[in-house]
Peer 1: 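Please see the structure below; I have some questions.
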Amino acid sequence: MDETLRTDLRTRVEELLAEHDPATTGPLEFLRARFDAGLAWVHFPGGLGGLGLPRRHQPFVAELLAAAGAPDRDRRRLTIGLGMAAPTILAYGTEEQQRRFLRPLWTGEEVWCQLFSEPGAGSDLAAVATRASRDGDTWVVNGQKVWTSVAHKARWGMLLARTDPAVPKHAGLTYFLCDMTAPGVEVRPLRQLTGEAEFDEVFLSDVRIPDAHRVGAAGEGWRVAHATLMNERIALGDLAPPRESGMIGVVAGTWRDRPDLRTPGLHAKLLWLWAEAEAARLTGLRLHQKLESDHPGPEGSAVKLALARLAQQLSGLELELLGADGLRYADWTMTQPDLVELTGGDAGYRYLRAKGNSIEGGTSEILRNIIAERVLGLPREPRADSGVAGQEPAR
Amino acid sequence: MDETLRTDLRTRVEELLAEHDPATTGPLEFLRARFDAGLAWVHFPGGLGGLGLPRRHQPFVAELLAAAGAPDRDRRRLTIGLGMAAPTILAYGTEEQQRRFLRPLWTGEEVWCQLFSEPGAGSDLAAVATRASRDGDTWVVNGQKVWTSVAHKARWGMLLARTDPAVPKHAGLTYFLCDMTAPGVEVRPLRQLTGEAEFDEVFLSDVRIPDAHRVGAAGEGWRVAHATLMNERIALGDLAPPRESGMIGVVAGTWRDRPDLRTPGLHAKLLWLWAEAEAARLTGLRLHQKLESDHPGPEGSAVKLALARLAQQLSGLELELLGADGLRYADWTMTQPDLVELTGGDAGYRYLRAKGNSIEGGTSEILRNIIAERVLGLPREPRADSGVAGQEPAR
Amino acid sequence: MNSRAQGADLDLLYSDVEDALRESVRALLSSRCTAQQVTTVYDGGGPGGRLWRSLAVDLELAGLLVPEEHGGAGASAREAAVVLEELGRFVAPVPFLTSSVISVSAALAAGDGTVTARLASGEWTGALAVPLTTGPASFTPAVRVDADGTLRGRVAVVAGAIEADVLLVPAATAAGTELHLVMADDPGIRITPVVSLDMTRQVADLELSGAASRRLLDSSTGETAVRGALRLGAALLASEQVGVADSCLQLTVDYLRQRRQFGRVVAGFQAVKHRLADLWAQVESARAVARYAAAAAGDPDLPVAASLAQAYCSEVAVLAAEECVQLHGGIGMTWEYPAHLYLKRAKADQLALGNAAAHLTHLAELVNLPSG
Amino acid sequence: MNSRAQGADLDLLYSDVEDALRESVRALLSSRCTAQQVTTVYDGGGPGGRLWRSLAVDLELAGLLVPEEHGGAGASAREAAVVLEELGRFVAPVPFLTSSVISVSAALAAGDGTVTARLASGEWTGALAVPLTTGPASFTPAVRVDADGTLRGRVAVVAGAIEADVLLVPAATAAGTELHLVMADDPGIRITPVVSLDMTRQVADLELSGAASRRLLDSSTGETAVRGALRLGAALLASEQVGVADSCLQLTVDYLRQRRQFGRVVAGFQAVKHRLADLWAQVESARAVARYAAAAAGDPDLPVAASLAQAYCSEVAVLAAEECVQLHGGIGMTWEYPAHLYLKRAKADQLALGNAAAHLTHLAELVNLPSG
């Protein structure tokens, strides 16, 4: 049956290419046409860039288009929109929101950011203090968000705000789509230990958001945010990369390139980490094979946990291996990077940046809670401030 | 000033030797005389085997006596009495109890055991269910104890029992000295994973204990037991042994004796464990230097934690190192060993027995709680069954 | 080697057929191989031969890996791996690994239809006469072919020898390693049972002095066949280790969910929760690694997969068994509770077919991470 | 070596004199070396030379290890270790270790009263011209004595060179290693500051091309003096690492005791408690190890003590700094919060004066645990 589907997909791709020759069509125009042809993400519904097919057919389409030299977006710059905003809008957004936001999100015309974390609410999203008060057909938002990636480039933000302070903590939250160009939105870079400012702080002062940009019912924000975060954890870990992808590849490469640096003690460490990295890769691969639905479960948390730990141990080992060169650092000047590559930079940068892997997108501690409670069914933590022991990660 | 003291001690030892020539005096008679001369444990009060001197002078006395060929007890068989019963009786016992029990305890005439743990109350001593009901001048005890070392050889047991079920869990406990030969005391061997039965179960059925054998007030058992356990933790770890004592010495010896077994991967592991073992030894040594009083604090828990972990890792490594010989085991026949030597037996025995190191005398989990709460001052665990978050270890 | 996403084309999940096989094995073991029954092995009892006969013959597991034309089930290593998971879960004292995986692999390499068929039918139980600790990369024969054609030598700690009807004996000649078949009751062989750390896979010392034999493979192919059998054994032992680890985790979770201390369910203490979460993650990783090793049985990546499997899964099984004992507290130390059965099996398995350090050293060569 | 209870005769506690010294150093650093001030080092600012002058001259730390007859305080390595604990606690960007410990040790070995006295008075700040990563067992000179008697060569990542008035340069001749004194402003030497992972101990690359020098030690004693200086440095760096680790633990405990999440004080979550308990235990062990290394400065066991100290304390400091960042969550990643200062110092310290693997290899020789 897959063969029939493939034939159909091939035909659709050929039609798209015939009507919009990549050689003569502008990239944006082509991407819009691809979206409209349902070839953007085939697992999305018809009319929203997809064809309602199983997700596994997407790579086939991508291959055909790539082979034909069709333009594509730089997906790495759209991770948040594609990985988190899109599934959330698809699952919880109104039809109007879906039609308005998904196309420019997918084409890369509009960059998205996530406005969940607050200085006083890190891993504990139920403690979100940013307030949104209803004023007719709009909401007036005041508060502060932190650890927002690419806020300074984003056109839209997924915003979690408190709309009802009277009810238990998790019940009074509502989910909005926030126009980052609206009056009252102020973005300031947040410098981190690497020296650069990869994240922003976002200050919201009397920002007005139309009620039409509310996602889910008022008070339902917790559940909607939950969906976003489950997707975040998956988006953060590409589950089926080749052997020696990521940090292990970098360190193994250094090992191979620099026989002068090798010592028996470091060899023993490297080999064990190689085994662990390959084990983590196979674990991700197995999970990838398991995920037939679009709704990733808590199992992905384990892969994120392992990858974070490995990135940290490997980058730490690389500095030990490099010795004298490990004492050098490229540049402490504060910059706002265009794109963050966790295996980029020099070894010192990788080491420092990897520390964030176990904090951003759900701290490792929160992920262990999630595994313990949702996978193993162990009792929830006693919670002093509410009857409900909801625990949700941020960074 | 120490010089004066030493001269005095030397004189006392010479007098003892003169009056009781080891060559012609029976061992027990000599030990009793030594006790009566205050040379048993010089830090105990006069009349109770000591001279009220600082503990640090005891080794000097022991050296003088050993040099003169004086008989001594096998201290390893009296660990529980010397390490736990004696300090407890000294701190909380009546004068009558001290006079009755300390001398035969010290000479080894009467062996002691500890009756704290129960099947339903392992680490949680506040859950002790063994009942003691007052009946005139005696108490009637019913219940079951478990994990009792040398119960089958013991004449006396330190017993923790519930005397008031109406008050909060830790407040209704009382501490007794239980005659192990009394009617109603039944001792059954408890086989463990090594195959042997090092411990016993003790069943108490209408055992009558005179009120004169109560230690501390009724309801004060928790506090008295606490003192016993603090001493247990110290007793379990000899704090100032030479380098390569214990399990590291065994494994390092195997490494030196068997060049044929060496591999680089195991070498790296062994070296790190050697460093950790030496660090643990120095930590114990430093703690030993710190302990001027007789009241060990919670810091000793850290040494016990480290030694337990190291014994487990080292004995595990030894089996890997031994390879083929590691698959052999001396004997699975059930026996009741006379004396347990943690570094004795074959490698398989050491590996299995070491698993108990982190359970007996306070599980490693309980010890971490103790360090967190009493040393670092972190909040106590929420406790559902009482207002007081008392947490005490057993095994 | 980095250009290919190794394993992307191999299915790491359990198929319906495998699940059905698992159920039938589990059903049998649940009634015939309880922890109490297994424990008696240490005092000379145990379910022993009858259990093995049921598994080997009634469930036809003896010939699982043998092609149908030789009387077997013609299944793949993946199915054998699922069987081993269950045998690990029950710490079953049966020679499936030694006879139906390792010996069958060597016999298939020898291409001897008679031997294979008898192993497949369960008429014969076989054992490869090498120390259980031998890894695929470290094998050297301890037995030699004497001038008179008989075999002579000592082999320590051989697994499956006590149960064996036939022994497959790698034997040295000047030209290389041959593979010989020796009947276990041959007067020239003495099999001395060893009191073993893991009595559920009891080992024995062999002494061959003029043992009569039939040569199955000559010196041009003997060593390859032996290494291949040990490699498949190493790859599939990982699934047994997953079974052990999974069972330890389950036992611990179940116990701690009902056990109360300090007025709370012990499984609700966060330090315990986090350790169990980490353990679960490691068991799931071990499962992925073991599944890959089983799926890679016919793949050029098998040497990497097998060494990875032994380096990783052997450690996870030991960790799981050690955590099982520790988190149970005192009860985990008792003879009556099954935790010690897992601990002994996990630790012996760690030494079996090459320890982690040996496999990592081998991996270093395979993936080009040289030591100096 | 096993018959003696090494260390039983060495005092591992802090003396009253040491506690008083600690207080005076801490009082100065508390006001003059705050985390905010230190952080500016990364952007080219920092407390720099004036802070060092106060420590070196006002508190007379420059000459702490110099005998009184050469104008120093005549203190022991134990006191220097306490100073280093405090410098580590504040991540102080001052050249005490490089000048007042390592350079002074080399100068004392040279027996040159002038150099020693100037280092002691703080008139000169010195640096030993070897890469910071050089351990006592791995030293080989990178500079040679040219035919014309001047020095030539490149030395990478030298600590303390930027602050130095004089450089102590180990230099190779055909007969062995000599030790030379070079003025830092000599036209034949170029000192290029390196953007460093740890800017609180910024390193520099040296290039010597015809540098004029004075020979302090000839080839019969030069190498021993250099190794001795590095060994003492390694032994005492451990105390700096203890200061770093202790500070990280304290920072974390303090933060988590006031931080609330999920309606509870974060420090009350048991998983957090157990990690902090383990960390405390390791910091206390590192303290015992570092105290032993300091106390063993004149003891035949110093080589073991120094390598143990670097193998163990360097790891604990890194662990403590990493746990500090992790347990703080996001705030620990920010530039404004001091956790990163500790992380960078701890990691750079781990590479300094020989890494753990190198010291363990050296230990293997010293305690007779050979590799093969």
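The model shown is predicted, which means the values in this text are computed figures rather than measured ones. Throughout, a chain's letter reflects where its sequence line sits, starting with A, and its residues are numbered from 1.
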Peer 1: Nearest heavy-atom pair of D/Leu12 and B/Gln289: which atoms, and what distance?
Peer 2: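 Here D/Leu12 and B/Gln289 meet closest at N-OE1, 2.7 Å.
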Peer 1: Looking at D/Ala288, D/Ser307, D/Ala364, D/Pro370, which one has more heavy-atom pairs under 4.5 Å with chain B than the rest?
Peer 2: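 It is D/Pro370.
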Peer 1: Can you name the nearest heavy-atom pair linking D/Lys273 to B/Pro379, along with the distance?
Peer 2: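 Taking every non-hydrogen atom into account, NZ-O, 2.9 Å.
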Peer 1: Could you have a look at D/Gly268, D/Ala281, D/Ser285 and say which one has the most heavy-atom pairs with chain B under 4.5 angstrom?
Peer 2: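 Most heavy-atom pairs within the cutoff with chain B belong to D/Ser285.
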Peer 1: Once rounded to the nearest 0.5 Å, what's the spacing between atom CZ of D/Arg287 and atom CG of B/Leu282?
Peer 2: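 Interatomic distance, D/Arg287 CZ to B/Leu282 CG, rounded to 0.5 Å: 14.0 Å.
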Peer 1: Flag the one option from D/Arg257, D/His359, D/His274 with the top tally of heavy-atom pairs under 4.5 Å to chain B.
Peer 2: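 Highest number of pairs under 4.5 Å: D/His274.
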Peer 1: What part of D/Gln250 lies closer than 4.5 angstrom to a heavy atom of chain B: side chain, backbone, both or neither?
Peer 2: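 Contact with chain B is absent: no heavy atom of D/Gln250 under 4.5 Å.
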Peer 1: Between atom OG1 of D/Thr361 and atom CG of B/Leu271, what is the distance when rounded to the nearest 0.5 Å?
Peer 2: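 Separation between the atoms: 7.0 Å.
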Peer 1: With a sphere of 6.0 Å drawn around CZ of D/Arg26, does it hold more than 12 non-hydrogen atoms of other residues, nucleotides or ligands?
Peer 2: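 Atom CZ in D/Arg26 is packed in, count exceeds 12.
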Peer 1: Determine the option with the most heavy-atom pairs under 4.5 angstrom with chain D, choosing from B/Ala275, B/Ala279, B/Ala302.
Peer 2: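 Looking at each option in turn, the highest pair count goes to B/Ala279.
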Peer 1: Where does D/Leu360 contact chain B at under 4.5 Å (heavy atoms): side chain, backbone, both or neither?
Peer 2: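 Both backbone and side chain of D/Leu360 come within 4.5 Å of chain B.
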Peer 1: How many angstroms lie between OH in D/Tyr312 and CH2 in B/Trp272, if you round to the nearest 0.5 Å?
Peer 2: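 CH2 of B/Trp272 is found 6.5 Å from OH of D/Tyr312.
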Peer 1: Going through the distances and angles, do D/Gln270 and B/Asn369 end up as a side-chain contact (heavy atoms from CB on, under 4.5 Å)?
Peer 2: CA-CA 8 Å; D/Gln270 199 192 35; B/Asn369 273 0; 3.2 Å; yes
Peer 1: Report the distance from atom CG of D/Asp278 to atom CZ of B/Arg368, rounding to the nearest 0.5 Å.
Peer 2: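 Output value for this atom pair is 4.5 Å.
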Peer 1: Hey, does the side chain of B/Arg262 reach the backbone of D/Gly372 with a donor-acceptor pair shorter than 3.5 angstrom?
Peer 2: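 Such a contact is found between B/Arg262 side chain and D/Gly372 backbone.
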Peer 1: So, are D/Asp301 and B/Arg243 salt-bridged, with charged N and O less than 4.0 Å apart?
Peer 2: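 Here D/Asp301 pairs with B/Arg243 in a salt bridge, since their nearest N and O are under 4.0 Å apart.
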Peer 1: If every non-hydrogen atom of B/Leu376 is compared with every non-hydrogen atom of D/Ala277, which pair is closest and at what distance?
Peer 2: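 Heavy atoms of B/Leu376 and D/Ala277 come nearest at CD1-N, 4.1 Å.
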Peer 1: Select one option (side chain, backbone, both, neither) describing which atoms of B/Ala252 are under 4.5 Å from chain D's heavy atoms.
Peer 2: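 Both backbone and side chain.
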Peer 1: Does D/Asp16 CG have over 12 foreign heavy atoms under 6.0 Å away?
Peer 2: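 Atom CG in D/Asp16 is not crowded, with 12 or fewer foreign heavy atoms closer than 6.0 Å.
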Peer 1: Testing the basics here: between B/Leu378 and D/Ala267, what is the closest heavy-atom pair and its distance to 0.1 Å?
Peer 2: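 The answer is CB-O, 3.7 Å.
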Peer 1: Identify which part of D/Arg275 has an atom lying under 4.5 Å from any heavy atom of chain B, answering side chain, backbone, both or neither.
Peer 2: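 Nothing of D/Arg275, per the 4.5 Å heavy-atom cut-off to chain B.
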Peer 1: Using non-hydrogen atoms and a 4.5 Å limit, figure out which bit of B/Leu266 sits close to chain D: side chain, backbone, both or neither.
Peer 2: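 Neither part.
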Peer 1: Might you point out which heavy atoms bring D/Val367 and B/Arg256 nearest each other, and give the distance in Å?
Peer 2: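 Heavy-atom minimum between the residues: O-NH2, 2.9 Å.
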Peer 1: Looking at chain B, which one of D/Leu308, D/Leu369, D/Val289 has the largest number of heavy-atom pairs inside 4.5 Å, strictly under?
Peer 2: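 So the answer, after comparing D/Leu308, D/Leu369, D/Val289, is D/Leu369.
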Peer 1: Measure from NZ or CZ of B/Arg286 to the centre of the six-membered ring of D/Tyr14 and say whether it is under 6.0 Å with the direction within 45° of the ring axis.
Peer 2: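 Checked: cation-pi criterion met.
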Peer 1: Rounded to the nearest 0.5 Å, what's the gap from CG on D/Asn368 to CH2 on B/Trp255? Could you check?
Peer 2: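 Rounded to the nearest 0.5 Å, the CG-CH2 separation comes to 11.5 Å.
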